[in-house]
Amino acid sequence: MSKKSGNRIVIEDCMGVKDSENVLILTDDKKQDIGMSLYNEAKNLCKEAVLMVMEPRKVSGEEPPEVVAEAMKNFDVIICPTSTSITHTNAKINAIKAGARLASMPGITKEMFEKGAITADYGEVEALTLKFTELLTKAKTAKIIKDGHTLQMSLENRKGVPSTGIYRNPGEAGNLPSGEAYIAPVEDSANGSMIIDGSMVGVGLLKSPLYVELKDGKLVKLEGEDSDKLQILFDNDNNSTIGELGIGTNPAARLTGVILEDEKIYGTVHIAFGTNVSFGGINKANCHLDGIIIEPTLYLDDQLVMENGKVLI
């Protein structure tokens with residue numbers, strides 16, 4: 001039996017596309033080749049496939065063109081291989097409200113269809129993701145510890161969100177490849193300092209760690225090589241606000257410099273600054289920039305759930 005292609009895994013296994021459904025492949029100039037290959041696969045499996053190509057957005061979290069956002073409301077399934085992320089946009093929120101199920105693939109590479117996170121046992125990924133999601137929902141506080149730095153935040157009255165990689169029901173959405181549980185922390189609650197040492201949106205793989213310091217939920221200090229590439233975080237208060245705490249749950253994910261895969265690495269934690277309105281927060285910014293913390297220690301309330309990158313649940 002021939003091995004199933006990555007395109008087929010995405011459309012058939014992860015999205016569960018049916019022959020009665022309409023599928024939109026939304027891509028941009030930089031990822032058009034990948035968009036076309038997904039389109040060619042989709043049109044063999046669904047009622048109608050449509051390929052839309054837009055200019056790349058300048059940063060992750062920037063809205064797509066209005067005409068695209070309107071079109072998104074009219075499809076059963078939307079798959080988005082793009083150079084920047086549309087995950088945290090109003091266009092995505094409105095599409096899933098209209099009943100679409102959506103897979104966001106920001107920064108996806110051809111190599112990712114052959115190895116790494118997309119090849120995981122998604123049953124295993126789903127089970128661990130749902131466990132962490134439940135813990136995030138129950139927890140009132142989170143504390144990350146790394147190399148003598150501590151960052152604490154409130155999760156009170158916020159719900160954890162699972163990104164399992166399986167989106168087969170109307171209104172379900174997340175990344176592909178996937179494997180993370182995440183939450184919008186209370187926006188003014190994060191205090192302390194942290195080292196980001198894996199990768200960072202806007203930079204890629206980090207040659208040396210970035211140092212971040214937060215006060216009352218806002219980034220007040222950012223130091224390290226390539227920190228000059230992240231000045232958008234200081235353009236306004238919303239951009240500098242803590243937007244996300246995430247936990248990677250995919251054992252097949254690798255550190256590549258592409259956040260789509262990096263934030264899914266088993267035994268890592270990531271934090272993001274900027275927009276979080278699409279998953280239970282109240283901060284709408286011009287960006288959503290994630291940074292990966294390798295081998296952290298993580299407490300949810302008083303429960304030690306990860307120690308130096310070792311998962312303890």
Crowding at NZ, K43 (>12 non-hydrogen neighbours, <6.0 Å):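 More than 12 within 6.0 Å, yes.
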Could I get the full list of salt bridge (Lys or Arg N to Asp or Glu O under 4.0 Å) partners for [X], not counting sequence neighbours?
X    : result
D188 : none
R8   : E12, E41
E187 : R158
K138 : E134

Pairwise side-chain hydrogen bond (donor to acceptor under 3.5 Å, both in side chains) hits with a residue in residues 74-84, at least two apart: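 Those involving residues 74-84 are D28-S83.
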Partners meeting side-chain contact (heavy atoms from CB on, under 4.5 Å) with K97 (sequence neighbours left out):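 Only I93, N94 meet the side-chain contact (heavy atoms from CB on, under 4.5 Å) criterion with K97.
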Non-neighbouring partners of V161 that pass side-chain contact (heavy atoms from CB on, under 4.5 Å), sequence neighbours left out: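 Once residues adjacent in sequence are excluded, the partners of V161 under the side-chain contact (heavy atoms from CB on, under 4.5 Å) criterion are Y182, F279.
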Whichever hydrophobic residues join Y122 through chains of side-chain contacts under 4.5 Å: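 Reading the cluster by chain and number, Y122 sits alongside V125, I166.
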Considering only distance and modelled atom types, tabulate donor-acceptor pairs under 3.5 Å from the side chains of residues 58-71, sequence neighbours left out.
residue	atom	partner	partner atom	Å
S60	OG	S85	N	3.1
E62	OE1	K58	N	2.8
E63	OE1	N90	N	3.3
E63	OE1	A91	N	3.1
E63	OE2	N90	N	2.7
E63	OE2	K284	NZ	3.1
E70	OE2	K73	NZ	3.0

Pairs under 3.5 angstrom only: tabulate donor-acceptor contacts from the side chains of residues 202-216 to other protein residues two or more places apart or in another chain.
residue	atom	partner	partner atom	Å
S208	OG	E225	OE1	3.3
Y211	OH	E213	OE1	2.7

Single-linkage hydrophobic cluster, 4.5 Å side-chain cutoff, I108 and V53 together: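 Yes, one cluster joins them.
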Nearest heavy-atom neighbours spanning T133 and A181: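 So the minimum-distance heavy-atom pair works out to OG1-CB, 3.5 Å.
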All side-chain hydrogen bond (donor to acceptor under 3.5 Å, both in side chains) counterparts of E307, not counting sequence neighbours: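 E307 satisfies side-chain hydrogen bond (donor to acceptor under 3.5 Å, both in side chains) with no other residue.
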Residue pair T87 / S104, side-chain donor-acceptor N/O under 3.5 Å: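 Per modelled atom types, T87 and S104 side chains form a pair under 3.5 Å.
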Short side-chain donor-acceptor distance under 3.5 Å, T275 and H288: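 Note: H288 and T275 side chains miss the donor-acceptor criterion.
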Pairs satisfying ring pair (Phe, Tyr, Trp, His ring centres under 6.0 Å), at least one member in residues 293-313, at least two apart: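 For residues 293-313: none.
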From CA spacing to verdict: side-chain hydrogen bond (donor to acceptor under 3.5 Å, both in side chains), T129, T164: CA-CA 6 Å; T129 301; T164 62; over 6 Å; no
Side chains of [X] and [Y]: closer than 4.5 Å at any heavy-atom pair?
X    : Y    : value
I11  : I79  : yes
E180 : H270 : yes
L245 : I144 : yes

